[in-house]
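Every heavy atom of this structure was used, including side-chain atoms; hydrogens, water molecules and symmetry mates were not. Numbers restart at 1 for each chain; the letters A, B, ... are given by sequence-line order, proteins then strands.
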Protein chains: 4
Amino acid sequence: MKFREPVRDKRQAILEAALVLFAERGFHGTAVPEVAAAAGVAAGTLYRYFASKEALVNALYQQWKGALLSALLSDFPVDESPRQQFHELWHRLGRFATRHPQEFAFLELHHHAYLDEASLKMEQSGMQLLKGFVEQAQAEQAMRPARAELIMALVYGAFVGLLKGCAQGYLKLTPALLSAAEQLMWEAIRV
Amino acid sequence: MKFREPVRDKRQAILEAALVLFAERGFHGTAVPEVAAAAGVAAGTLYRYFASKEALVNALYQQWKGALLSALLSDFPVDESPRQQFHELWHRLGRFATRHPQEFAFLELHHHAYLDEASLKMEQSGMQLLKGFVEQAQAEQAMRPARAELIMALVYGAFVGLLKGCAQGYLKLTPALLSAAEQLMWEAIRV
Amino acid sequence: MKFREPVRDKRQAILEAALVLFAERGFHGTAVPEVAAAAGVAAGTLYRYFASKEALVNALYQQWKGALLSALLSDFPVDESPRQQFHELWHRLGRFATRHPQEFAFLELHHHAYLDEASLKMEQSGMQLLKGFVEQAQAEQAMRPARAELIMALVYGAFVGLLKGCAQGYLKLTPALLSAAEQLMWEAIRV
Amino acid sequence: MKFREPVRDKRQAILEAALVLFAERGFHGTAVPEVAAAAGVAAGTLYRYFASKEALVNALYQQWKGALLSALLSDFPVDESPRQQFHELWHRLGRFATRHPQEFAFLELHHHAYLDEASLKMEQSGMQLLKGFVEQAQAEQAMRPARAELIMALVYGAFVGLLKGCAQGYLKLTPALLSAAEQLMWEAIRV
DNA sequence: CATGAATGAGTTTTCATTCAT
DNA sequence: TATGAATGAAAACTCATTCAT
């Protein structure tokens with residue numbers, strides 16, 4: 001009697017609205033009723049889906065940190081050369097950031113002082129997986145023998161810096177730019 | 001009846017207190033009375049020195065962004081080789097971040113959605129100066145001919161990533177680490 | 001798919017759940033959805049049986065105030081001596097409070113600022129009936145000639161105080177205790 | 001330059017306003033802004049004096065439970081006869097309830113489910129002191145050898161019942177009524 | 001100039017009630 | 001008739017800012 005209203009799912013609508021606002025104005029800079037209004041629901045409704053504002057931001061963080069890690073690592077070409085693996089990682093990062101610019105901004109351009117244990121655990125597990133890739137490449141003597149954490153911090157930091165430059169309008173995120181950036185950063189870490 | 005240190009300068013005390021709190025909890029996560037209390041002044045007094053909370057954070061941003069730019073660029077060895085100049089820039093960044101970790105965290109680890117024009121202008125003028133260095137090095141064919149903004153975004157992003165890794169405890173900011181990082185990033189951008 | 005007990009009567013289930021919660025946490029301290037959940041029905045269902053939260057608490061009050069009055073007065077031994085009648089009343093009060101401790105607590109240990117006219121009328125009619133007993137005993141010169149309302153207030157207040165002492169853990173409601181209390185209070189009012 | 005405005009003290013004004021409203025409508029039935037408005041202050045001001053609504057009600061409870069205990073026990077005539085001591089206690093209770101009817105109603109006519117440890121301790125220490133009086137009278141064989149807690153529950157309950165009767169309009173709190181009540185209750189407990 | 005109590009609009013959150021299913 | 005998601009007004013509480021002292 002009622003054609004599927006385009007409400008997909010209120011929980012999802014709330015998550016999407018929150019993402020946009022948190023990415024733009026930060027967690028503390030965004031009021032719950034603003035999120036609710038942007039999601040097209042009443043303020044009280046938000047609390048049927050999330051126990052608190054903090055629970056909401058953690059759910060958001062876990063959803064997208066998980067998506068990012070999954071995008072980076074699912075079906076990772078474990079048998080390829082380090083150079084090829086690096087290309088793959090950088091390319092996947094670029095694709096994720098191109099398709100989900102607000103999500104990436106939310107994840108990486110903000111200082112998250114309110115994360116719960118589950119969120120922190122997810123963060124750390126991602127680090128571990130990447131560390132494995134770095135150490136394997138080092139074992140194959142295809143990557144400089146610096147501390148794995150240092151290499152990861154520099155490479156990931158460089159990528160985030162690139163995205164920040166795009167967000168601020170200094171750069172435009174194109175395949176060519178990504179490719180150039182990849183080449184530079186590979187030079188930084190190759191043997 | 002009053003044993004506080006000679007009240008150096010209340011404005012300065014407020015700026016220092018605000019810096020610590022903003023770096024830790026962010027702008028919106030910090031209450032003005034907290035800042036005042038931490039500075040050892042009354043809440044009303046803060047408003048004699050700053051028109052609003054936003055004016056305070058902008059003053060802080062300009063103070064330290066200016067200090068950072070000044071640290072990077074004053075007496076810059078314009079006649080040295082690009083490699084030497086890069087070393088100098090990286091070393092100065094490292095020294096600044098080592099001496100002023102909270103200031104650096106405030107400047108670079110937060111998303112500043114409240115900056116006024118003066119702050120934005122300062123940000124941009126810093127970029128211009130660094131761009132000049134990159135372009136000169138490229139003119140000397142000592143640095144790859146990529147877009148200057150790309151090189152700056154990657155290098156500065158890598159440095160910020162390094163500091164974030166230190167802030168999160170994955171790394172420890174030592175001269176050796178800085179030196180290793182410098183070497184890697186130079187490889188990224190040298191011809 | 002549904003193993004709840006034969007849903008006796010939803011109205012009754014709601015009343016029972018409300019009683020427990022109102023007795024424990026008070027009317028304003030209890031949320032309607034909590035009552036519904038405790039009764040095993042949906043929140044909306046409650047409103048099929050009671051027009052509002054106030055209607056619910058008044059129905060509850062009337063149900064149990066009525067039950068208490070009925071327990072006190074049905075088949076009252078009108079021909080017995082005043083002493084015997086007092087014994088009967090005290091004993092019936094004790095039995096009611098023993099069998100229905102939460103009901104008694106709800107009725108007498110809370111300040112009911114929301115009673116409607118029907119509830120107040122019930123309260124008053126109970127008073128009238130007891131007043132008759134007192135006045136008859138006084139006419140027979142078996143009870144002191146104080147104001148009937150005074151005697152009732154003291155005796156009933158003493159009983160409530162006894163129950164409050166039990167609820168707080170100072171006393172334990174045993175037949176022996178009730179009997180001792182009865183004896184003391186009879187001494188208070190006998191000629 | 002400004003003659004002492006009749007604000008006595010805002011903390012006191014808040015306590016007084018809260019007392020009236022809590023006595024009438026109960027703790028959960030009273031909204032904080034109502035208390036503030038009745039006290040003639042802004043809602044936020046209340047929180048400068050009390051950390052929370054619960055802290056307010058506990059402060060109120062302790063203030064008046066303390067006043068009641070003090071009224072009962074300060075300069076207690078320890079050398080008088082038990083009968084005389086009972087008269088004194090009853091009289092003091094009556095005077096307190098006459099002078100502070102709302103305070104007494106707040107203390108004794110509500111179910112306080114939110115008391116903190118300090119409040120509970122105060123309650124218990126009052127009980128202990130009164131218990132001492134009962135036990136001494138029993139030792140002198142001037143009071144029936146029932147459990148002290150029972151005697152206290154009945155006598156105090158009777159007094160509360162009397163006040164409840166007055167609050168509901170059945171009785172009027174006069175010296176004569178108090179005196180009559182005292183005589184009845186003494187008969188209950190004397191040997 | 002400095003203070004800090006006071007403000008009241010704004011925040012997060014709750015809850016009595018409704019209504020589409 | 002029963003449901004329970006949705007509502008939105010109201011609750012408790014916070015905080016940027018003001019102003020009398």
Between atom NZ in Lys53(D) and atom C1' in dA11(F), what is the gap in whole Å? 8 Å
Rounded to the nearest angstrom, tell me the gap between atom CZ in Arg48(B) and atom C1' in dA20(F). 13 Å
Starting at CZ of Phe27(C) and ending at P of dC15(E), how long is that distance when rounded to a whole Å? 13 Å
Identified pairing partner of dT11(E), criterion: Watson-Crick or G-U wobble below 3.5 Å: dA12(F)
Could you state the atom-to-atom distance from CD of Glu34(D) to C1' of dC13(F) in whole Å? 16 Å
First of Ala51(C) and Thr45(D) reached from the 5' end of DNA chain E, by closest nucleotide: Thr45(D)
Using heavy-atom distances to pick each residue's nearest nucleotide on DNA chain E, tell me which of Gly44(C) and Ala42(D) is more 5'. Ala42(D)
Do Gln62(C) and Asp116(C) come close enough that some side-chain heavy atom pair is under 4.5 Å? yes
Mind checking if Val32(D) touches a base, just sugar-phosphate, or nothing, with heavy atoms under 4.0 Å? sugar-phosphate
Rounded off to whole Å, could you give me the OH-to-C1' distance for the Tyr49(A) and dT13(E) pair? 17 Å
Most 5' of Thr30(D) and Glu54(B) on DNA chain F, judged by nearest nucleotide: Thr30(D)
Nearest-Å distance, CG (Leu46(C)) to C1' (dT1(F))? 14 Å
Closest heavy-atom pair, Leu107(D) versus Trp64(D), reported as atoms and distance to 0.1 Å, is CD1-O, 3.5 Å
Base, sugar-phosphate or nothing for Phe50(B)? Non-hydrogen atoms, less than 4.0 Å. nothing
Between Tyr47(D) and dC15(F), does any side-chain N or O lie under 4.0 Å from OP1 or OP2? no
Applying a 4.0 Å non-hydrogen cut-off, can you work out what Pro33(D) is touching in the nucleic acid: base, sugar-phosphate, or nothing? sugar-phosphate
Could you check how far NE2 of His28(A) sits from P of dA16(F), rounded to whole Å? 12 Å
Would you indicate what Ala43(C) reaches in the nucleic acid, counting non-hydrogen atoms under 4.0 angstrom: base, sugar-phosphate, or nothing? base
Compare every heavy atom of Thr30(C) with every heavy atom of Arg25(C), then report the nearest pair and how far apart it is. CB-OG1, 3.8 Å
To the nearest Å, give me how far apart CD1 (Ile14(A)) and C1' (dA6(F)) are. 11 Å
Are the ring centres of His112(B) and Tyr61(B) closer than 6.0 Å? yes
Identify the residue among Glu108(C), Gln63(C), His100(C) that makes a side chain to side chain contact (heavy atoms under 4.5 Å, CB included) with Leu68(C). Glu108(C)
Opposite nucleotide pairing with dT3(E), Watson-Crick or G-U, both atom distances under 3.5 Å: dA20(F)
Go through dA6(F), dT3(E), dT3(F) for me and flag the one nearest to the Val41(B) side chain. dT3(E)
